[in-house]
Participant: 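Before we start, here is the structure in question, set down as structure tokens.
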There are 2 protein chains.
Amino acid sequence: MFVRAETGEDRKCPIETVIQVVGGKWKPLILWHLLNSSKRFSELEKLIPEVTQKMLAQHLRELEIDRLVTRTIYPSVPPKVEYSMSEHGKTLIPVLEAMCQWGDNHNRQSPKPIAGAASNSV
Amino acid sequence: MFVRAETGEDRKCPIETVIQVVGGKWKPLILWHLLNSSKRFSELEKLIPEVTQKMLAQHLRELEIDRLVTRTIYPSVPPKVEYSMSEHGKTLIPVLEAMCQWGDNHNRQSPKPIAGAASNSV
DNA sequence: TCGGGTACTCACTTGAAAGTAAGTATAGGC
DNA sequence: GCCTATACTTACTTTCAAGTGAGTACCCGA
């Protein structure tokens, strides 16, 4: 099922893999914006105004390393870089949609701030 | 789709909701162990030897607040407490399975440490 | 009355993720 | 010669989840 720790292998839990791949603070948002069309760095900046350039660049680089997005550089001046969903990235869409649906449902049923986001100390 | 930030509502991205609900370091593991049968606190401790009592208690409490697990106290001495999947928690299983399958697949294709887990500073 | 088992809590520390603010290279326009 | 734009990088700081280790309340059996 979720985990294979019990096999003695030091493989990691695949759910944690998904969480690490899409679990960055801005990654679901980035992925969502890239869903239908490729976007430039500056476009993503405008679409997600709260994200800093540093975090946007970092998360895009991580998504690229994980092969979820493709980075295309057009050698022009000023430079133009486009990000789009890769084929591998598209295989994640059904999973994201399932998560989205459940999360939405859960939020409707308990619109309170959820426990996972609560502070550590009492 | 994933997000409803664009509606002007300050609702949160449902994917982040899922991540917060199951994204704690030990939560997928706890959920996996509760999948087929309810477990006592001390049983979970033995099943997940690396988890500390503090983290186990904290994550169980969060899962309880999010209504994924049910906590049953038997008023005996020494005390006995049982944790099990709630009905709402069971609705999450297909989502976790989808995540699991994709994560497993992704791990097979790139067994390297994934970018999301990389350190921040260069 | 001493230790043991259960199910925790509490105060403190560590470390990684995220945020802030500034800097960089390139070239075209004024 | 200076400003602008793009797509970043770098150094430093803050925040917060997770870990450490000790303590608590309860009662039982030896």
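Letters A, B, ... are given to chains in the order of the sequence lines, protein chains preceding strands, and every chain is numbered from 1. Since the model is a prediction, treat every value here as computed from it, not as a measurement.
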Participant: Nearest whole angstrom, please: distance from the P of C/dA16 to the CD1 of A/Ile19.
Facilitator: 18 Å
Participant: Does a side-chain N or O of A/Thr52 approach OP1 or OP2 of C/dT20 to a distance below 4.0 Å, or not?
Facilitator: no
Participant: Reckon B/Tyr83 has a side-chain N or O less than 4.0 Å from the OP1 or OP2 of C/dC8?
Facilitator: yes
Participant: Can you figure out which of D/dA7, C/dG19, D/dG21 approaches the side chain of A/Lys54 most closely?
Facilitator: C/dG19
Participant: Nearest whole Å is fine: how far is C/dT20 C1' from A/Gln58 CD?
Facilitator: 14 Å
Participant: I want to check one thing: is the phosphate of D/dA17, taken as OP1 and OP2, less than 4.0 Å away from some side-chain N or O of B/His59?
Facilitator: no
Participant: Could you tell me the separation between the CE atom of B/Met55 and the C1' atom of C/dC8, rounded to a whole number of Å?
Facilitator: 14 Å
Participant: Check the distance between C/dG19's C1' and A/Glu45's CD and give it to me in whole angstrom.
Facilitator: 15 Å
Participant: Side chains of B/Gln109 and B/Asn105, heavy atoms from C-beta outward: is any pair under 4.5 Å?
Facilitator: yes
Participant: Between atom CZ in A/Arg61 and atom P in D/dA7, what is the gap in whole Å?
Facilitator: 15 Å
Participant: Starting from the 5' end of DNA chain C, give me the residue, A/Pro79 or A/Gly23, whose nearest nucleotide shows up first.
Facilitator: A/Gly23
Participant: Rounded to whole Å, please give me the gap between NZ in B/Lys25 and C1' in D/dT20.
Facilitator: 13 Å
Participant: Going by the angle between their ring planes, with limits at 30° and 60°, are B/His106 and A/His88 parallel, tilted or perpendicular?
Facilitator: parallel
Participant: Rounded to whole angstroms, how far apart are CD on B/Glu43 and P on C/dC8?
Facilitator: 13 Å
Participant: Output yes when at least one side-chain N/O atom of B/Arg40 is less than 4.0 Å from OP1 or OP2 of C/dT6, else no.
Facilitator: no
Participant: Does OP1 or OP2 of C/dC8 have a side-chain N or O of B/Arg71 closer than 4.0 Å?
Facilitator: yes
Participant: A/Arg40 and A/Glu82: which non-hydrogen atoms are nearest, and at how many Å?
Facilitator: CG-CG, 4.0 Å
Participant: Starting from P on D/dA7, measure out to CD on A/Glu64 and report it in whole angstrom.
Facilitator: 14 Å
Participant: Taking CD in B/Gln101 as the centre, count heavy atoms belonging to other residues, nucleotides or ligands within less than 6.0 Å. Is the count above 12?
Facilitator: no
Participant: Step through the shown structure and confirm whether more than 12 heavy atoms of other residues, nucleotides or ligands are within 6.0 Å of CD on B/Glu45.
Facilitator: yes
Participant: Assuming nearest nucleotide by heavy-atom distance, tell me which of A/Glu50 and A/Pro78 is located more 5' along DNA chain C.
Facilitator: A/Glu50
